[in-house]
Q: 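Once you've had a glance at the structure underneath, I'll fire off some questions.
Counting convention: from 1, in listed order, for ligands and their atoms alike.
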Amino acid sequence: MATLLLIDSSVSPEGVSASRAVTSTFRKTWEEQHPDGTVIYRDLAVDPLPHLDGVAASAGFSDPATHTPEQQAAFAVRTQLAEEIEQADAIVIGAPMYNFTIPSTLKAWLDQAIIMGRTAGETPSAKGTPVVVVASRGGSYAPGTPRESFEHVQNYLESVLTGGFGFEVHFIVPELTMAPSNPAMAELIPLFEASREKVQQEAVTKAKELAERVAA
Ligand SMILES: Cc1cc2nc3c(=O)[nH]c(=O)nc-3n(C[C@H](O)[C@H](O)[C@H](O)COP(=O)(O)O)c2cc1C
């Protein structure tokens, strides 16, 4: 049965959030292709994971048979995240740009979910799983723009998702989302509107493409 893992991390709700508008279109399209499938959903803004602490980190580097009760509890969270990743035929991650990088809630998910010797390392357990990152941002950091070098969402996630998990990574980038609310960006509103339309189409196309790879 087809399984989609969907992770949102925007602090803004549906109807306001640019990334949620795209992840929900992806989900809807995927579910149309796989009506009997499963969607594992995590809203990291609503239900944040704990930051990785010393107990959880040490549990990831030691034999489970030696774990203290505290390590067992902390490692259970990490194991749950690993299982969700391993069950998924595809993963969608909403990754809004906050202060030039990803939300801290998404970083916490990464720190907990990357387990050397399981989800990461020489033979990552979900190697090759396609991941679609919806990298929404208020401005534009596209090649050739003045703030290109401030882009630490796509550059970082490309590294960690391929170099850590071995995923196959795709990006959808809603940009200039602040244009309608920032008078200084008024002249960029047409570009924002074009981006908003484009990313919806990309979500549909990518969801169909990835859904077709999975047997019903
Ligand atoms: C705390 C915070 C920090 C932000 N920092 C940036 C930033 O560094 N660069 C940028 O282009 N937009 C920034 N924005 C704007 C968001 O990237 C923009 O609102 C985008 O649409 C967020 O995705 P979302 O609508 O799914 O939440 C920031 C927004 C918030 C709330």
Q: Return the closest protein heavy atom for atom 22 (C) of ligand 1 as residue, atom name and distance.
A: Pro96 CB, 3.5 Å
Q: Look only at interatomic distance and state if Ser19 has a nitrogen or oxygen under 3.5 Å from any nitrogen or oxygen of ligand 1.
A: yes
Q: I'd like to know if Lys208 and Glu212 make a salt bridge, using a cut-off of under 4.0 Å between side-chain N and carboxylate O.
A: no
Q: Side-chain contact test, heavy atoms from C-beta onward, threshold under 4.5 Å: evaluate it for Leu110 versus Leu161 and give yes or no.
A: yes
Q: Please could you name the atoms of ligand 1 that Gly139 approaches to less than 4.0 Å, counting only its heavy atoms?
A: 10 (C), 11 (O)
Q: With under 30° as parallel and over 60° as perpendicular, where do the rings of Trp30 and His34 fit, or are they tilted in between?
A: tilted
Q: Geometry only, no angles: is Phe100 polar-contacting ligand 1 at N/O separations under 3.5 Å?
A: yes
Q: Ser17 to ligand 1: N or O pair under 3.5 Å?
A: yes
Q: For Tyr41, is the NZ or CZ atom of Arg27 found under 6.0 angstrom from the centre of its six-membered ring and inside 45 degrees of the ring axis?
A: yes
Q: Among all protein heavy atoms, pick the one closest to atom 28 (C) of ligand 1 and tell me residue, atom and distance.
A: Met97 O, 3.5 Å
Q: Ligand 1 versus Phe150, non-hydrogen atoms closer than 4.0 Å: side chain, backbone, both, neither?
A: neither
Q: Nearest protein heavy atom to atom 10 (C) of ligand 1, by residue and atom, and its distance?
A: Tyr141 OH, 3.2 Å
Q: Among all protein non-hydrogen atoms, which one is nearest to atom 12 (N) of ligand 1, and what is the separation to 0.1 Å?
A: Gly138 N, 3.2 Å
Q: Charged N to carboxylate O under 4.0 angstrom, Glu168 versus Arg213?
A: yes
Q: I'd like the name of whichever of Thr23, Thr177, Val153, Asn182 reaches closest to atom 20 (C) of ligand 1 through any heavy atom.
A: Thr177
Q: With the threshold set at 4.0 Å, does a side-chain nitrogen-carboxylate oxygen contact exist between Glu209 and Lys206?
A: yes
Q: For Phe150, does the six-membered ring have the charged nitrogen or CZ of Arg147 within the cation-pi criterion, i.e. under 6.0 angstrom from the centroid and within 45° of the normal?
A: yes
